Q: 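A single structure is presented below for examination.
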Amino acid sequence: MNTDVRAVAAQALDQIARGGVSLRSAFAQAAPRLADARDRALLSALLHEGARWWLRYDAVLDRLLQKPLRGREPVVHALLVLGLVQLAVLGLPEYAAVAGTVEAARALKRPQLAGLVNAVLRRFLRERAALDAAVGRDRVAHSAHPPWLVQELAADWPDDIDAVLAANNAAAALTLRVNRRRASRADLVERLLAAGHAAAPHAWLADAVVLEESTDVTALPGYAQGHFSVQDGAAQLAPELLDLADGQRVLDACAAPGGKTAHCLEHHALDLLALDRDPERLNQVRDNLARLGLQATLAAGDAAEPQAWWDGRPFDRILLDAPCSATGVIRRQPDIRLHRRGGDIARLAAEQQRLLDALWPLLRPGGRLVYATCSVLRRENQQQIEAFLARTPQAAARAAVPPRFGRAAGAGRQNLPGGDGMDGFFYAIVEKQA
Ligand SMILES: C[S@@+](CC[C@H](N)C(=O)[O-])C[C@H]1O[C@@H](n2cnc3c(N)ncnc32)[C@H](O)[C@@H]1O
């Protein structure tokens with residue numbers, strides 16, 4: 001068994017970049033091959049930064065190699081990307097990064113390429129300023145975002161694109177949501193501080209605690225007891241925007257893994273149906289609710305086919321946290337930029353439209369639907385809602401998303417990644433006129 005962390009990381013990164021495997025599952029498959037916890041932490045850092053910066057260092061390698069390796073030796077190509085990431089992004093000591101990467105070429109049974117790996121990394125160190133300058137002239141390579149996404153962002157956010165690209169390349173704080181049924185936020189912060197974690201209450205979100213550094217949350221005090229969950233601040237607005245009250249009948253139409261379902265139930269005693277199309281992801285909802293001590297009715301089904309799961313009783317509130325491009329959470333899931341394609345956006349927008357139209361009749365007159373995405377693209381957000389309002393006579397937008405969240409975007413509000421330290425997110429509130 002190959003237990004060299006850099007060799008294992010190169011194989012996993014190749015699967016992510018070339019094989020379309022998600023970072024999460026590539027890590028889950030690779031991590032058990034490493035016995036040492038420090039090796040697993042390095043693997044995680046290598047995969048996150050390798051996926052984040054792939055498009056940049058892939059382009060840099062074209063300048064460092066006479067004949068590209070990506071076609072004939074894709075795992076060594078991924079190893080070289082990781083070598084550059086160790087030097088330029090992770091700031092590992094040069095000797096450790098170079099020697100470790102050369103050793104990994106041997107562990108990958110490519111001893112004939114060890115000399116090349118060594119030469120390429122040393123040349124990078126010598127010519128780094130010139131290479132950085134050359135890459136700096138190309139927005140795609142410089143920012144390590146695919147061309148289609150750079151174009152979409154330039155069209156949608158011409159004044160903000162550089163800030164968005166930079167935020168996607170920066171580390172994000174870890175945000176927790178206290179389970180107010182089991183713990184108070186002040187207590188949680190105190191316990192985290194006592195355990196040596198720099199934790200602070202969020203400035204204006206009532207349940208959020210921000211940790212400066214990422215850590216294994218399952219090892220934090222209170223995790224097993226369900227005192228908190230991990231959830232970015234931008235995702236912590238659902239109970240407020242839904243304007244919940246005890247006893248309401250609520251549909252969370254795209255519920256898995258259950259972050260917003262749980263948050264709503266932590267606030268109010270609800271008759272809540274948590275629906276998701278993916279039965280495996282629905283199991284995560286079940287597990288999360290069990291850990292947090294919460295209860296909902298769970299159902300697997302296509303939200304746009306209510307005849308298969310709806311009992312005909314209207315809902316007071318509907319949350320449509322729609323499937324989307326996830327372009328607002330790239331800083332946390334850097335592999336999105338490698339896997340998402342420009343052509344996906346029209347398909348996603350059509351799916352969001354199908355969901356909106358199918359769910360609307362299930363809302364009682366006077367009821368409220370909250371539409372949310374973790375996208376920053378206008379076609380999925382403000383244009384989607386504007387078109388819905390235009391074709392739906394009884395639908396009226398409510399300007400109730402708090403003005404401190406993001407910026408006005410048509411009938412809703414949009415936060416761009418990094419804004420207020422939070423993920424990119426869009427919310428709109430639509431009420432059904434009685
Ligand atoms: C953005 S995630 C939801 C996150 C969740 N609301 C939370 O806060 O944890 C979108 C979810 O929609 C589900 N989904 C996609 N299309 C669906 C459909 N047509 N009907 C029901 N669920 C769907 C996906 O399986 C995925 O779990």
Side-chain angles (χ1 to χ4, degrees), residues 22 24-25 175-177 179 205 207-208 217 228-242 244 250-267 270 272-292 294 296-310 315 317-330 332-333 336 339-340 344-345 347-360 362 369-377 380-381 384 415 422-428:
S22 74
R24 188 187 292 251
S25 63
T175 308
L176 309 179
R177 184 194 75 237
N179 176 0
L205 288 164
D207 300 323
V217 289
F228 64 86
S229 302
V230 175
Q231 191 176 47
D232 186 78
Q236 295 196 26
L237 273 71
E240 179 182 346
L241 302 193
L242 283 163
L244 296 173
V250 178
L251 170 65
D252 186 351
C254 294
K260 296 182 192 68
T261 281
H263 196 194
C264 292
L265 293 167
E266 287 162 7
H267 274 241
L270 303 167
L272 189 149
L273 174 60
L275 182 80
D276 203 278
R277 180 153 73 177
D278 183 336
E280 273 181 39
R281 283 173 61 86
L282 205 60
N283 285 333
Q284 297 176 342
V285 182
R286 192 168 289 116
D287 293 348
N288 281 327
L289 294 182
R291 183 178 63 84
L292 297 166
L294 302 167
T297 305
L298 270 51
D302 180 350
E305 304 276 344
Q307 64 283 3
W309 49 263
W310 186 43
F315 293 99
R317 301 286 184 263
I318 295 178
L319 174 61
L320 174 52
D321 189 14
C324 73
S325 62
T327 41
V329 295
I330 285 177
R332 295 191 191 279
Q333 297 174 44
I336 290 168
H339 296 152
R340 189 60 76 207
D344 295 345
I345 307 305
R347 184 182 51 75
L348 286 162
E351 176 69 355
Q352 293 149 3
Q353 176 178 337
R354 188 178 78 100
L355 288 163
L356 276 165
D357 288 341
L359 292 170
W360 184 249
L362 281 54
L369 180 147
V370 170
Y371 177 80
T373 75
C374 58
S375 165
V376 295
L377 302 180
E380 299 180 89
N381 296 339
Q384 183 69 262
N415 195 54
M422 304 194 295
D423 285 343
F425 233 89
F426 174 84
Y427 287 105

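In this text, all values refer to a predicted model and were calculated from it rather than measured experimentally. As the structure lists them, so they are numbered: ligands from 1, and atoms in each ligand from 1.
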Q: For atom CZ of R24, is the number of surrounding heavy atoms from other residues, nucleotides or ligands below 6.0 Å larger than 12?
A: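 Not more than 12 within 6.0 Å, no.
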Q: Among protein heavy atoms, which sits nearest to atom 20 (N) of ligand 1, and what does the distance come to when rounded to 0.1 Å?
A: A303 N, 2.8 Å
Q: Taking N288 for the side chain and G258 for the main chain, is one N or O donor matched with an acceptor at less than 3.5 Å?
A: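 No, because the side chain of N288 does not come within donor-acceptor range (under 3.5 Å) of the backbone of G258.
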Q: Check ligand 1 against D278 and write out every atom of the ligand that is under 4.0 Å from a heavy-atom position of the residue.
A: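 Taking each heavy atom of D278 in turn, ligand 1 has 25 (O) under 4.0 Å.
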Q: Salt bridge check, D321 against K260: does any charged N sit closer than 4.0 Å to a carboxylate O?
A: yes
Q: Atom CE of M422 and atom CG of L237: how far apart are they, to the nearest 0.5 Å?
A: 6.5 Å
Q: For atom 11 (C) of ligand 1, what is the closest protein heavy atom, and at what distance to 0.1 Å?
A: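 Nearest neighbour among protein heavy atoms for atom 11 (C) of ligand 1, to 0.1 Å: D276 OD2, 3.5 Å.
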Q: What do you reckon, does E351 put a non-hydrogen atom under 4.0 Å from ligand 1?
A: yes
Q: In terms of atom number and element, which parts of ligand 1 are under 4.0 angstrom from non-hydrogen atoms of D302?
A: 18 (C), 19 (N), 20 (N)
Q: Would you mind checking which non-hydrogen protein atom is closest to atom 6 (N) of ligand 1, with the distance to 0.1 Å?
A: D321 OD2, 2.7 Å
Q: Under 4.0 Å from a heavy atom of P323: give me the atoms of ligand 1 that qualify, with their elements.
A: 15 (C), 16 (N)
Q: Please verify whether a non-hydrogen atom of A262 lies at under 4.0 Å from ligand 1.
A: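 It does not; every heavy atom stays at 4.0 Å or beyond.
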Q: Considering only the protein, which heavy-atom contact is closest to atom 8 (O) of ligand 1, and what is its distance?
A: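 That would be K260 NZ, 2.9 Å.
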Q: Can you list everything that forms a side chain to side chain donor-acceptor pair (under 3.5 Å) with Q353? Sequence neighbours excluded, please.
A: none
Q: Counting non-hydrogen protein atoms only, what is the nearest one to atom 14 (N) of ligand 1? Give residue, atom name and distance.
A: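 Looking only at protein heavy atoms, the one closest to atom 14 (N) of ligand 1 is C254 SG, 4.1 Å.
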Q: To the nearest 0.5 Å, how far apart are CZ in R281 and CG in D276?
A: 6.0 Å
Q: Nearest protein heavy-atom contact for atom 4 (C) of ligand 1: which residue, which atom, what distance?
A: A256 O, 3.0 Å
Q: Holding to side-chain contact (heavy atoms from CB on, under 4.5 Å), I want the full list of residues that pass it with A290, two or more places apart in sequence or in another chain.
A: none
Q: Which of the atoms in ligand 1, numbered in the order shown and given with their element, are less than 4.0 Å from a heavy-atom of G301?
A: 20 (N), 21 (C)
Q: Looking at atom 22 (N) of ligand 1, what's its closest protein heavy atom, distance included?
A: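 Atom 22 (N) of ligand 1 sits closest to the protein heavy atom R277 N, 3.1 Å.
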Q: Could you go step by step and tell me if E351 and R277 meet the salt bridge (Lys or Arg N to Asp or Glu O under 4.0 Å) rule?
A: CA-CA 13 Å; E351 176 69 355; R277 180 153 73 177; 3.8 Å; yes
Q: Under 4.0 Å from a heavy atom of G259: which atoms of ligand 1 are those, numbered in the order shown and with their elements?
A: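 Near G259, meaning under 4.0 Å from one of its heavy atoms, ligand 1 has 7 (C), 8 (O), 9 (O).
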Q: Go through ligand 1 atom by atom and flag the ones less than 4.0 Å from a non-hydrogen atom of A253.
A: 21 (C), 22 (N)
Q: Is the closest N or O pair between G258 and ligand 1 shorter than 3.5 Å?
A: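 In this structure, G258 places an N or O atom under 3.5 Å from an N or O of ligand 1.
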Q: As a quick check of understanding, evaluate side-chain hydrogen bond (donor to acceptor under 3.5 Å, both in side chains) for Q231 and T175, giving each step before the final call.
A: CA-CA 6 Å; Q231 191 176 47; T175 308; over 6 Å; no
Q: With a 4.0 Å cut-off on heavy atoms, is A235 touching ligand 1?
A: no
Q: If you measure from each heavy atom of R354 to ligand 1, is any distance below 4.0 Å?
A: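 The answer is yes, since R354 has a heavy atom less than 4.0 Å from ligand 1.
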Q: Decide whether the shortest distance between a heavy atom of A304 and an atom of ligand 1 is less than 4.0 Å.
A: no
